[in-house]
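Scroll down for the structure; my scribbles are underneath it.
Residue numbering restarts at 1 for every chain, and letters A, B, ... go by the order of the sequence lines. None of these values were measured; they are calculated from a predicted model.
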Amino acid sequence: MPELPEVEVVRLGLLPAVTGARVSAVTVFDERSLRRHDGPAEDFVDRIVGAEFTGAQRRGKFLWLPIRPRRASASGEGTPREALVVHLGMSGQVLLRTREQDDRLTRIRLEIEHPVQGALRLNFVDQRIFGSMAVDALVSDGSIPSQVAHIARDPLDPLFDVALFSRKLTQRKTGIKRAILDQTLISGIGNIYADEALWAARLHYEQPTATLTRQKVSLLLAEVRTVLRKALAEGGTSFDAQYVNVNGASGYFSHSLNVYGQQGKGCPRCGREVKREQFMNRGSHFCPRCQRLR
DNA sequence: CTGACGTCCTGACAGC
DNA sequence: TGCTGTCAGGACGTCA
């Protein structure tokens with residue numbers, strides 16, 4: 001369930017620890033966590049051992065660590081052509097640990113050596129195995145992994161194209177929630193923040209996208225950004241800069257949710273009972289008074 | 001091309 | 001106590 005804010009918190013936590021660090025060993029405990037890797041586990045290990053990470057980047061819910069080409073590593077030059085791509089799926093975590101520290105449900109482990117911070121360990125923990133790690137080629141001038149290329153820019157990206165989003169959105173023949181969960185249209189939004197943003201914009205989750213005015217689209221986009229920024233700020237204040245440790249409820253900032261998981265309680269705006277309905281094999285939480293189908 | 005939907009996946013937890 | 005059933009949903013393949 002990690003969405004954009006949670007993934008960004010992980011990225012910010014990893015950045016100082018992985019930049020310039022070299023991978024000394026990799027252990028794959030469960031090959032299912034390599035579902036998105038094009039090749040066997042041995043190939044994954046071969047490509048990653050000895051690699052030096054140059055940073056940590058993100059688009060939507062995808063996170064990746066670019067790898068400096070081995071031949072150029074000694075001189076500190078060379079543009080990355082591959083990256084370690086991480087998707088947390090439903091329950092994934094990347095836990096930054098010191099050596100010897102273990103975590104239950106670790107599916108993949110990377111031992112890394114940082115020039116300043118020394119020996120560290122990255123435990124990829126994932127209960128439901130919807131997440132994955134993969135080594136993937138960087139495309140489009142080395143700016144993005146091939147398996148992330150089809151993902152739209154996220155609403156916090158300075159290069160997010162509002163006009164393009166607005167046009168594609170209103171051309172869709174579907175409900176607004178399906179649309180904002182479509183990562184090829186706008187990325188980074190999952191079930192929780194979709195419900196929160198729709199509540200803030202007073203939109204019913206099945207409202208047809210074609211009926212939305214330009215103003216309403218603008219309002220929704222503004223609310224999406226507000227919800228994501230707020231969650232990011234809360235996550236940013238609660239995580240330890242030394243060790244990434246995002247997990248379950250504590251990573252979810254649940255104290256500030258207005259409708260998600262609040263079924264049976266009063267709407268914070270009008271007091272009407274918040275409802276939960278089945279939708280896309282998930283739950284949709286909304287206020288029947290504030291969010292009417294029009 | 002687009003929209004809709006089934007599938008993957010397992011630990012935590014409630015209830016008997 | 002120990003077992004069983006239920007629940008959570010991101011991404012993607014497939015089908016109409």
Side-chain angles (χ1 to χ4, degrees), chain A residues 1-8 10 28-38 58-64 85-95 102-108 123-134 136 144-152 154 164-165 167-198 205-212 224 228 231 246-254 257 259-264 276-286:
Chain A
M1 283 197 283
E3 303 180 28
L4 186 154
E6 291 77 22
V7 179
E8 179 64 5
V10 172
V28 178
F29 297 102
D30 196 322
E31 294 199 20
R32 291 174 297 178
S33 291
L34 293 177
R35 185 177 309 149
R36 296 178 68 95
H37 180 77
D38 185 20
R58 183 189 57 74
R59 177 177 287 191
K61 307 171 198 171
F62 281 86
L63 172 70
W64 66 93
V85 182
V86 184
H87 197 290
L88 301 177
M90 285 286 297
S91 54
Q93 298 167 261
V94 181
L95 301 175
D102 212 348
D103 290 289
R104 237 164 67 74
L105 306 176
T106 297
R107 311 297 187 187
I108 297 172
N123 285 334
F124 180 69
V125 174
D126 190 9
Q127 184 213 122
R128 279 173 252 183
I129 321 185
F130 275 28
S132 63
M133 280 189 160
D136 193 18
I144 196 160
S146 68
Q147 59 183 255
V148 188
H150 68 293
I151 301 294
D154 62 64
L164 178 68
F165 167 69
R167 191 169 66 246
K168 288 174 77 175
L169 180 75
T170 50
Q171 281 172 354
R172 290 284 174 100
K173 288 180 166 42
T174 188
I176 184 61
K177 184 169 173 180
R178 269 193 178 81
I180 61 173
L181 288 175
D182 183 343
Q183 306 296 302
T184 66
L185 194 56
I186 183 171
S187 70
I189 305 168
N191 202 40
I192 296 176
Y193 299 128
D195 283 359
E196 291 297 308
L198 290 172
Y205 62 93
E206 290 279 32
Q207 186 68 40
T209 55
T211 67
L212 299 179
V224 163
L228 296 179
V246 180
N247 54 37
S250 69
Y252 261 96
F253 329 131
S254 53
L257 297 176
V259 285
Y260 183 85
Q262 307 302 305
Q263 60 271 28
R276 179 185 194 275
E277 291 180 359
Q278 281 293 115
F279 171 79
M280 293 173 74
N281 273 337
R282 307 168 162 68
S284 245
H285 310 75
F286 68 107

What is the separation between atom [atom1] on [X] and atom [atom2] on [N], rounded to the nearest whole Å?
X: Ile129(A); N: dA8(C); atom1: CD1; atom2: C1'; value: 15 Å
X: Asp182(A); N: dG10(C); atom1: CG; atom2: P; value: 13 Å
X: Leu185(A); N: dA4(B); atom1: CG; atom2: P; value: 13 Å
X: Gln127(A); N: dT10(B); atom1: CD; atom2: C1'; value: 5 Å
X: Glu6(A); N: dA8(C); atom1: CD; atom2: P; value: 18 Å
X: Asn191(A); N: dC7(C); atom1: CG; atom2: P; value: 15 Å
X: Ile192(A); N: dC7(C); atom1: CD1; atom2: C1'; value: 14 Å
X: Asp126(A); N: dG10(C); atom1: CG; atom2: P; value: 13 Å

**Study point:** First encountered from the 5' end of DNA chain B, between Arg282(A) and Gln171(A)
**Key:**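 Nearest nucleotide further toward 5': that of Gln171(A).
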On the nucleotide [N], are OP1 or OP2 found under 4.0 Å from the side-chain N or O atoms that [X] carries?
X: Thr174(A); N: dA4(B); answer: yes
X: His87(A); N: dA11(C); answer: yes
X: His150(A); N: dC12(C); answer: yes
X: Lys61(A); N: dA11(C); answer: yes

Revision key, fill the gap. Between Gln147(A) and Gln278(A), the residue closer to the 5' end of DNA chain C by nearest nucleotide is Gln278(A)
Check your understanding: Ignoring hydrogens and angles, are the base of dA8(C) and the side chain of Arg128(A) linked by a donor-acceptor pair under 3.5 Å?
Key -> yes
Name the closest nucleotide to the [X] side chain, picking from [options].
X: Tyr260(A); options: dC5(B), dA8(C), dG10(C); result: dA8(C)
X: Gln183(A); options: dC8(B), dA11(C), dC12(C); result: dA11(C)
X: Arg104(A); options: dA4(B), dA12(B), dA11(C); result: dA12(B)
X: Arg172(A); options: dG10(C), dG3(B), dC12(C); result: dG3(B)
X: Arg36(A); options: dC12(C), dT10(B), dA12(B); result: dC12(C)
X: Arg107(A); options: dG10(C), dT10(B), dC5(B); result: dT10(B)

Study note, to complete from the structure: Checking Arg282(A), Lys177(A), Arg276(A) against Asp195(A) for side-chain hydrogen bond (donor to acceptor under 3.5 Å, both in side chains), the one that qualifies is Lys177(A)
Point to revise | The single option from Arg59(A), Gln147(A), His87(A) passing side chain to side chain contact (heavy atoms under 4.5 Å, CB included) against Trp64(A) | key: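 One option only clears the test, and that one is Arg59(A).
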Would you mind classifying the nucleic acid contact of [X] as base, sugar-phosphate or nothing, using non-hydrogen atoms under 4.0 angstrom?
X: Phe279(A); result: nothing
X: Leu105(A); result: sugar-phosphate
X: Asn281(A); result: base
X: Gly131(A); result: nothing

Review point. Under a 3.5 Å cut-off for both distances, is dC1(B) Watson-Crick or wobble paired, and to whom?
Key: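 By the stated definition (distances under 3.5 Å), nothing pairs with dC1(B).
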Exercise for review: For atom CG of Asp30(A), decide whether the heavy atoms of other residues, nucleotides or ligands shown that lie under 6.0 angstrom number more than 12.
Suggested key: yes
Study note, to complete from the structure: One should read off an interatomic distance between Thr170(A) OG1 and Phe165(A) CZ, to the nearest 0.5 angstrom, of 9.5 Å
Practice item. Output the distance between atom CG (Leu169(A)) and atom CG (Leu212(A)), rounded to the nearest 0.5 Å. Key: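 Atom-to-atom, Leu169(A):CG and Leu212(A):CG are 6.0 Å apart.
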Exercise for review: Would you name the heavy atoms of Gly92(A) and Asp126(A) that are closest together and state the gap between them?
Suggested key: N-OD1, 3.3 Å
